[in-house]
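Here is the structure we will look at, set down as structure tokens.
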Amino acid sequence: MTRIDRYVLVLFLRTVLVSFLSLAGIFIVFHAFTSLDDVMGQADPGESLVWVLAGFYGPYLLLLFDMTGAVITLMAFLFTAGWLRRTGELTATLSSGISHGRILRSMVIASLAIILVQLGIREILLPKFRDSLDMKARNLSGEIEQAVSPTFDQVAGVLIEGDALWVGRGVIDGPSFRLYADFGDIGDIVMGQTARWQTVTTGDGSVHQGYLVSGVSRPEAIGGLRSIHDGQTWKLLTSVGDAELDPSTIAPGECFIITSVPPTMLETAESGTRLASVVELGDRIRNPAVESSLALRVLLHERIVRAPLDFALVLLVLPLVVNAGGRKLFVLIGSAFGIVVTFFALKTFAGTLGSNGLLVTPAVAAWIPLLVIGPLAYVRLKAVQTV
């Protein structure tokens, strides 16, 4: 890397950082203006204000960077090139025989790095904070009570309901499991005080996931009813039967309902799917127990193509950065804004087609923007290499 590369790179990254911090500052000031007392009310006695604010606003800044990183990078391209042109540094460099492509190379690579950082935040960090990203100070600890979305396990024949859901702990308060398959003497419903998601191993060596229901009120005397086996696998385990569980696994007044529907599939909050990782979305769609909507399938493929699509969006502004027509900076910004609006309009249109099952499949709908913009972005990247 040459000295001019380092100079351009530092100028570009400084522009990105200042732009993001300005946006983040506006966000924090407006929110803290109305909610600072509530946020501080969640702090432990003697805890530093800085740590409290960092604990509450940190996840939101990650989310904000994920949402705006590509657009901020795009605008930083224009501002950096405009500054170099205004100071005469770009003209002086071009006069030495160096092309725009060579001058912009460090910014292109830095843009790719920023988009990869976004990818890491989106897939690794945000899923860990999704339960607290609802802008409520009472959720500072991340332990949030949610409503339970009634979900039917098509394989086990169990409808899962409840009064409240604690996703972080994997607990349902006031659970109600309606049994639509043959569960023998258990009947057609199991109700209790709490249900906790966990894994158990039966005496035959098979591993099962499901909910350990404590304080069972229906059916009565659950401890005297036998475990249910359908001839192929266990469906419901009690302290009586041939399951040969560790005696400490199921105590009197408890039972274990086997299902492949984890607490994350019972969330009513939009963040449960919007901020889930690609792996989690894929596991949910592949789960035969739950029917996945077309919109969820579109979301999965949109998440897969988002990183290359964001990079393609940045490359679309390269001819504007070169500015062969000598247009003013604000005209270039207006043109870039038009490109961004067209970009998101295309994504929204294609996503709507896929979510409604019109003309194309969800997978094709999510890939349409990349198929349209990708080649155009590549052509624009090649076009500036010799200019």
Side-chain angles (χ1 to χ4, degrees), residues 5-36 39 49-86 104-130 132-135 140 271 274-275 277 302-303 306-318 320-321 329-330 332-341 343-344 347 377:
D5 287 328
R6 290 193 294 272
Y7 175 75
V8 173
L9 180 61
V10 169
L11 185 60
F12 172 72
L13 293 178
R14 184 187 303 163
T15 305
V16 171
L17 182 61
V18 170
S19 300
F20 175 71
L21 291 180
S22 300
L23 183 63
I26 295 173
F27 165 80
I28 293 176
V29 168
F30 272 91
H31 185 267
F33 183 76
T34 58
S35 304
L36 185 59
V39 173
L49 174 62
V50 174
W51 285 110
V52 174
L53 294 178
F56 182 72
Y57 288 110
Y60 293 106
L61 294 185
L62 293 176
L63 179 61
L64 186 65
F65 181 74
D66 176 57
M67 295 172 59
T68 63
V71 176
I72 288 177
T73 302
L74 181 150
M75 292 303 176
F77 244 108
L78 293 177
F79 280 113
T80 303
W83 178 263
L84 293 174
R85 193 181 304 277
R86 181 178 180 180
L104 301 177
R105 181 184 302 173
S106 59
M107 289 195 290
V108 171
I109 296 174
S111 300
L112 179 59
I114 291 173
I115 290 172
L116 291 178
V117 170
Q118 281 185 283
L119 177 63
I121 291 174
R122 188 163 54 246
E123 298 300 321
I124 299 175
L125 297 180
L126 287 181
K128 298 179 180 179
F129 296 110
R130 61 186 174 187
S132 57
L133 288 172
D134 67 350
M135 296 308 299
L140 188 60
S271 60
R274 182 171 55 88
L275 300 181
S277 67
E302 284 181 342
R303 293 288 296 277
R306 179 172 169 182
L309 195 57
D310 284 348
F311 187 56
L313 173 63
V314 173
L315 296 183
L316 285 179
V317 304
L318 288 180
L320 301 180
V321 174
L329 178 60
F330 288 103
L332 297 180
I333 294 176
S335 301
F337 179 77
I339 291 175
V340 172
V341 170
F343 170 81
F344 284 105
K347 283 186 62 177

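No side-chain heavy atom of L116 sits less than 4.5 Å from a side-chain heavy atom of F311. The closest side-chain heavy-atom distance from V108 to L315 is below 4.5 Å. With a 4.5 Å cut-off on side-chain heavy atoms, L275 and L63 count as touching. Side chains of F343 and V71 form no contact here, defined as non-hydrogen atoms less than 4.5 Å apart. A 4.5 Å side-chain heavy-atom check between D66 and L62 finds every atom pair outside the cut-off.
Within 6.0 Å of the CZ atom in R6, the count of heavy atoms belonging to other residues, nucleotides or ligands exceeds 12.
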Stepwise side chain to side chain contact (heavy atoms under 4.5 Å, CB included) check, V341 with F337: CA-CA 6 Å; V341 170; F337 179 77; 3.7 Å; yes
Evaluation steps, side chain to side chain contact (heavy atoms under 4.5 Å, CB included), between I28 and L61: CA-CA 9 Å; I28 293 176; L61 294 185; 4.1 Å; yes
Verdict with supporting geometry, Y57 and L64, side chain to side chain contact (heavy atoms under 4.5 Å, CB included): CA-CA 10 Å; Y57 288 110; L64 186 65; over 6 Å; no
Side chain to side chain contact (heavy atoms under 4.5 Å, CB included) between L320 and I339, intermediate numbers included: CA-CA 11 Å; L320 301 180; I339 291 175; 3.8 Å; yes
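Here the straight-line distance linking atom CG of L119 with atom CD1 of I114 works out to 14.0 Å at 0.5 Å rounding. Atom CG of L318 sits about 8.5 Å away from atom CE of M107, to the nearest 0.5 Å.
The nearest pair of heavy atoms linking V314 to V317 is O-CG2, 3.0 Å. Across every non-hydrogen atom of S106 and V8, the tightest pair is OG-CG1, 3.8 Å. Across all non-hydrogen atoms, the minimal contact from L74 to V340 is CD1-CG2, 4.0 Å. A336 approaches M75 most closely through the heavy-atom pair CB-CE, 4.3 Å.
Using a 4.0 Å cut-off between charged side-chain N and carboxylate O, E123 and R303 make a salt bridge.
D310 is linked by a salt bridge (Lys or Arg N to Asp or Glu O under 4.0 Å) to R306, counting only residues two or more places apart in sequence or in another chain.
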Under 3.5 Å, which donor-acceptor pairs link side chains of residues 11-25 to any protein atom two or more places apart or in another chain?
residue: T15; atom: OG1; partner: L11; partner atom: O; Å: 2.8
residue: S19; atom: OG; partner: T15; partner atom: O; Å: 2.8
residue: S22; atom: OG; partner: V18; partner atom: O; Å: 2.7

